[in-house]
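Chain letters run A, B, ... following the sequence lines, proteins first, then strands; residues in each count from 1. Just so it is clear, the values below take in all heavy atoms, side chains as well, and ignore hydrogens, waters and symmetry mates.
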Protein chains: 2
Amino acid sequence: MGNSEQTFKKILEVAYVMFSENGFDKTSLSMIAKEVGISKPAIYYYFQSKDQLIEYLFEEIYKEIKLEITFNYTDISKDNLIQKLLEIGYMSIEQQEKDIHFNKIFNQYMLLASRDEKYMKRLLELQACFLDGFYDLLKYAVQIEAICDSNIKAKAHMLAMVYDNIGNFMLTGIELDYKEIWQEAVDSVFREQKGKI
Amino acid sequence: MGNSEQTFKKILEVAYVMFSENGFDKTSLSMIAKEVGISKPAIYYYFQSKDQLIEYLFEEIYKEIKLEITFNYTDISKDNLIQKLLEIGYMSIEQQEKDIHFNKIFNQYMLLASRDEKYMKRLLELQACFLDGFYDLLKYAVQIEAICDSNIKAKAHMLAMVYDNIGNFMLTGIELDYKEIWQEAVDSVFREQKGKI
DNA sequence: GTCTATAATACGATAGAC
DNA sequence: GTCTATCGTATTATAGAC
């Protein structure tokens, strides 16, 4: 790896951590440069502007999320479906215990999206992919007769909301039994329905 | 209402909307003053600093949330418990359809909390109150034999997470059947458990 | 109470040397 | 590629007149 590429990556790494800790506005390019060990104008050799640095970071995060929420169907059967679904949640919980910066910075992009069409468009893509992912998984479960076909869409979206919000709750530092909560959510989907209210 | 009090309230109202739309950092006191129809220094007659204005707004929002998540038990019976629980969610959904600013600004305080102990402390109070609220409600449901006592805590926290995240999803503008999702969540709690996985 | 004027500071970004 | 020096601008906040 050349010196140039090394500096480029270092800027991204430092920006990722500092933006997540202090927010975009409260993290100046001077602060980033100081932490990287270069001068402020040096950043402009790699990025046209602060906004472009923020945008570049977003695309990296976008790719990572896209990868995380794309489920692999090849090894799912009627016998291991529940276990697989549980593991999807467990993995997310464990990942977020390791990297607290990820969710923090992502929430900032969510706020950015509400006043910038460009980010909103990309986030809606992710969200649709995320919601459809759970929906498709439950539709597949119906197909292999692992679950009965009642209210599949609402069930899928409920799962997505629990899955998604666990990360937000973890961010506050409150210690809940997140795995048990996810277990309860998954369990409820596969629980037989006795009578409608 | 005196002129002074009127200006004070106007500043708060304008700040509430502008902060939620542009964020704290991207909303300057000049912008607020212009919208209110006064000069920037006039704001300093009512608030010591921008931070104090932000803090004052938080306390108002804190009170409102505290009120919203404090459930009323007096009229809950075995027969209407499910209906009451459903209505709790419906009310929240309808309220958020009306005031989109509320959740937007609240999310900003969540981010602020991650780098300011003062806000973190208050938000943890709210969150504990929120989670305990659902837990207490389900404990009460067990007491009046409207539900069996299995995994009550996880069920309550799952409900809380769905309830809470509906607002975040609504913020993105994605149109889901939120009432049906909440229905599914409530329904799942009262669904009979057949066998443990 | 509200104003005009201004201080003090920090930021994003650029110019130009090396 | 990276630096020093600097520009232009915006911000929070204050001083002091009315």
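The CD1-C1' distance, from Ile11(B) to dT2(C), rounds to 11 Å in whole Å. Atom CD1 in Ile32(A) sits about 11 Å away from atom P in dC11(C), given to the nearest Å. In this structure, CD of Gln52(B) is placed 14 Å from C1' of dA13(D), rounded to the nearest angstrom. Here dC3(D) presents its P atom at 14 Å from NZ of Lys34(A), a figure rounded to the nearest Å. Between Asn3(A) atom CG and dC3(D) atom P there is a gap of 12 Å when expressed in whole angstrom units. Taking atom CE of residue Met31(A) and atom P of nucleotide dA10(C), one finds them 12 Å apart after rounding to whole Å. For the pair Lys26(A) NZ and dC11(C) C1', the interatomic distance rounds to 12 Å; values are reported in whole Å. Atom-to-atom, CD of Gln6(B) to C1' of dG1(C) comes out at 14 Å; the value is rounded to the nearest Å.
Residues from residues 37-50 of chain A with heavy atoms under 4.0 angstrom of DNA chain D, sorted by number: Ile38(A), Ser39(A), Pro41(A), Ala42(A), Tyr45(A), Tyr46(A).
Under the 6.0 Å distance and 45° angle rule, Arg122(B) counts as a cation-pi partner of Tyr62(B).
Salt bridge annotation for Lys66(A)-Glu59(A): absent, with no cationic side-chain nitrogen under 4.0 angstrom from a carboxylate oxygen.
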Side-chain atoms of residues 131-139 of chain A: list all donor-acceptor pairs with protein atoms under 3.5 Å, sequence neighbours left out, distances to 0.1 Å.
none

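OP1 or OP2 of dA10(C) has not a single side-chain nitrogen or oxygen of Ser28(A) nearer than 4.0 Å. OP1 and OP2 of dG1(D) both lie 4.0 Å or more from every side-chain N or O belonging to Thr7(A).
Between the side chains of Thr74(A) and Asn72(A), at least one donor N or O lies within less than 3.5 Å of an accepting N or O.
Atom CG of Asp25(A) and atom CD of Gln108(A) lie 8.5 Å apart (nearest 0.5 Å). Summarising the geometry, atom OH belonging to Tyr45(B) is positioned 13.5 Å from atom OG belonging to Ser39(B); distances are rounded to the nearest 0.5 Å.
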